[in-house]
Enquirer: 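Mind looking over this structure? Questions follow.
Scope of the values below: all heavy atoms of this structure, side chains included, with no hydrogens, waters or symmetry mates. Model, not experiment: these values are computed from the prediction. Lettering follows sequence order; numbering is per chain, from 1.
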Amino acid sequence: MMTAGSVILSLLVLQGGFFRIGYTFGSGSPSMSDEKAYAEVLTDYGIDYNLAGTSIRWGLEFLTDVSSSVRLRGGITTASYWGDHSQRTTTSPLLVILTLGLAGSSRERVLWVDIKSTDFEASAYYIVPGAKWLSIGGGPVLTSVSRSFNTLYSGVTEKKTGIGMKTGVRLDQLSGRFLGLPIVFGGELGYRFQKVELDGPYTGDFAVDFSGWTVDFGTYLNL
Amino acid sequence: MKLLLAIWCAAVLLTLPSCTGISYPLSVVDSPFGIEYTLENAGVVDMTVSNCYMYKVRTLIDSEYMEAGTHVTSWDLLDDGGNYPGDGVYTVEVFLEGERVYLLVLEVVL
């Protein structure tokens, strides 16, 4: 399998263009409609419960040009989203009094939700003629999500895997060096269709919905 | 100097409310209990218990005509199938003619 992978890699590199592997970091504005509806219930009850405005994303990916007009991308990405009701607790009353509350206390989560997705992605992009640094495309996403709702006394977690889709516009530095190393940069502005209904015995049709705009920035080793 | 001391004392008093432990926002129950609620008007009532996925685990009152006033309905911590749905946060809602008139969020830990 490793030998076959090396052969494929060599053939891809020989096609011309570039081959690069790197680390990406970004954020998204996920829909999370069911999560927001539940947050509203808690807020209606009078609990100061807040959801994050954006998700945080990071991952590993590779990019290669298989022809003068097609760029391929593969990657593994993790996204995180959360919400909580937290309260300030005192760790040192004396320190709180002496520093007028600046020190001696910390915020502790009382009710919180942690939502994660692990995405396996494969995308193909059309390289814009005359602007090889610009490409447009997309592809399928195999996504595994988990939602964990916790309190100080209990925790409920459900997981599910589903299929999604992403589209985007990429900007890639074609060549260059950074600090003497073959490091180049790239980024993508895209939109994901990534809604997974949890399938537990007590979840109904509650969905973890990471659908929405995403922006990612990558640092790559240009091979 | 006295002014500075007065300002410092005032600041300390203002920050003292943060010197407290956690005020847990939910009632924690571990046995069947009664839920007391008040209806402003008579009408058709539905009462449901949902979990943290907003999944309805139990229907306590199903489209029943009730008079205005205070009522008490018990929940035995079981779902519609007679099974325990698990520890966690639950929402009890009372709907009068389709409009929510009572909301209770609590935690069940056995």
Enquirer: So what's closer than 4.5 Å to chain B heavy atoms on A:L111: side chain, backbone, both or neither?
Expert: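 Answer is side chain: those atoms of A:L111 sit under 4.5 Å from chain B.
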Enquirer: List the atom of A:F206, the atom of B:Y53, and the distance in Å for their closest heavy-atom pair.
Expert: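 Shortest heavy-atom contact: CD1-O, 3.2 Å.
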Enquirer: Indicate whether the side chain of A:S154 and that of B:E107 have a donor and an acceptor atom separated by less than 3.5 Å.
Expert: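 A pair is found: one side chain offers a donor N or O, the other an acceptor, under 3.5 Å apart.
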Enquirer: Quick check for you: among B:V108, B:T91, B:L103, which has the greatest number of heavy-atom pairs under 4.5 Å with chain A?
Expert: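 Result: the option with the highest number of such pairs is B:L103.
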Enquirer: Of all of A:T203, A:V110, A:V156, which one pairs up most often with chain B through heavy atoms under 4.5 Å apart?
Expert: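 Max contact count across the listed options: A:T203.
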Enquirer: Quick check on A:E35 against chain B: is it the side chain, the backbone, both or neither that has a heavy atom closer than 4.5 Å?
Expert: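 The answer is neither part of A:E35.
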Enquirer: Quick one: closest heavy-atom pair of A:D34 and B:M54, and the distance?
Expert: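 What the structure gives for the nearest pair is O-CE, 3.4 Å.
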Enquirer: Quick check on A:K160: does its NZ atom have over 12 non-hydrogen neighbours (other residues, nucleotides or ligands) under 6.0 Å away?
Expert: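 Buried by this count: over 12 neighbours within 6.0 Å.
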Enquirer: With distance as the sole criterion, is a donor-acceptor pair present between the side chains of B:Y24 and A:T151 under 3.5 Å?
Expert: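 Side-chain D/A pair, B:Y24 to A:T151: present.
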Enquirer: Of the backbone (N, CA, C, O) and the side chain (C-beta and beyond), which part of A:N150 lies under 4.5 Å from a heavy atom of chain B, both, or neither?
Expert: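 Neither part; nothing is under 4.5 Å.
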Enquirer: Just do the side-chain contact (heavy atoms from CB on, under 4.5 Å) check on A:D205 and B:Y55 with the steps written out, would you?
Expert: CA-CA 8 Å; A:D205 57 0; B:Y55 175 73; over 6 Å; no
Enquirer: Most heavy-atom pairs under 4.5 angstrom with chain A, which of B:G88, B:S50, B:S23, B:G86?
Expert: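 Maximum pair count with chain A is reached by B:S23.
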Enquirer: Report the C-alpha separation of A:F149 and B:N51 in whole Å, then their side-chain angles, then the decisive distance to 0.1 Å, and conclude whether the side-chain contact (heavy atoms from CB on, under 4.5 Å) test is met.
Expert: CA-CA 11 Å; A:F149 188 81; B:N51 62 9; over 6 Å; no
Enquirer: Shortest non-hydrogen contact from A:Y202 to B:D79?
Expert: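 Of all heavy-atom pairs spanning A:Y202 and B:D79, the closest is OH-OD2, 2.6 Å.
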Enquirer: Testing the basics here: between B:V109 and A:Y153, what is the closest heavy-atom pair and its distance to 0.1 Å?
Expert: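 For B:V109 and A:Y153, the tightest heavy-atom pair comes out as CG2-CB, 3.9 Å.
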Enquirer: Check step by step if side-chain contact (heavy atoms from CB on, under 4.5 Å) holds for B:L26 and A:I47.
Expert: CA-CA 9 Å; B:L26 304 178; A:I47 298 173; 3.6 Å; yes
Enquirer: For the pair A:E108 (side chain) and B:I22 (backbone), establish whether a donor and an acceptor sit closer than 3.5 Å, ignoring hydrogens and angles.
Expert: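 Between the backbone of B:I22 and the side chain of A:E108 there is no qualifying donor-acceptor contact (under 3.5 Å).
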Enquirer: Tell me, for B:V105 versus chain A, whether the close heavy atoms (under 4.5 Å) come from the side chain, the backbone, both or neither.
Expert: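 Both backbone and side chain.
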